[in-house]
Amino acid sequence: MLAAVAGLSLIATGARAEPPIRSAEDAFCRSEAKAQVFSAPDPLNLGLHEIGRRIWASCMQRKAAPTKKSQRRRRHR
């Protein structure tokens with residue numbers, strides 16, 4: 001009986017496991033989401049998982065947005 005319970009707990013934790021970290025930005029955004037998930041407002045009653053996912057997605061969007069720099073070519077004289 002104990003082995004069956006242990007096996008079920010391993011299956012349940014494996015289903016909720018996070019995918020591997022793919023970049024430094026991903027790691028930063030995951031830590032930011034974990035830090036903010038309990039203090040973020042939830043007026044739509046979405047739940048902690050969805051709030052964390054939204055915080056992570058907005059962070060990844062901010063990190064992925066390229067900065068607009070003018071690309072001037074310098075002419076050497």
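All values below were derived from every heavy atom in this structure, side-chain atoms included, with hydrogens, water molecules and symmetry-related copies excluded. Quick caveat, the model's predicted, so the values are computed rather than measured.
Using a 4.5 Å heavy-atom threshold, the side chains of Arg54 and His49 count as separate.
Looking at residues two or more places apart in sequence or on another chain, you find a side-chain hydrogen bond (donor to acceptor under 3.5 Å, both in side chains) between Ser23 and Glu25. For Ala27, the side-chain contact (heavy atoms from CB on, under 4.5 Å) test picks out Ile21, with sequence neighbours left out.
Contact between Gly52 and Val37 at its shortest, heavy atoms only, is N-CG2, 3.7 Å. Closest non-hydrogen pair, Pro43 versus Pro41, comes out as CD-C, 3.5 Å.
Each disulfide (SG to SG under 2.5 Å) pair with one or both residues in residues 29-62, not counting sequence neighbours, appears once here: Cys29-Cys59. Residue pairs meeting the salt bridge (Lys or Arg N to Asp or Glu O under 4.0 Å) criterion with at least one member in residues 37-47: none, sequence neighbours excluded.
One distance of note links CD of Glu50 with CD1 of Ile55; it measures 10.5 Å at 0.5 Å rounding. Going from atom CD of Glu18 over to atom CG of Asp26 covers 9.0 Å, rounded to the nearest 0.5 Å.
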**Message:** Quick one, Lys63 with Glu32, criterion salt bridge (charged side-chain N to carboxylate O under 4.0 Å, His left out). Give me CA distance, side-chain angles, the key distance, then yes/no.
**Reply:** CA-CA 12 Å; Lys63 293 288 183 182; Glu32 182 177 307; over 6 Å; no
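Listed by chain and number, the hydrophobic cluster partners of Trp56 are Met60, where partners are ILVMFWY side chains within reach of under 4.5 Å, directly or through others.
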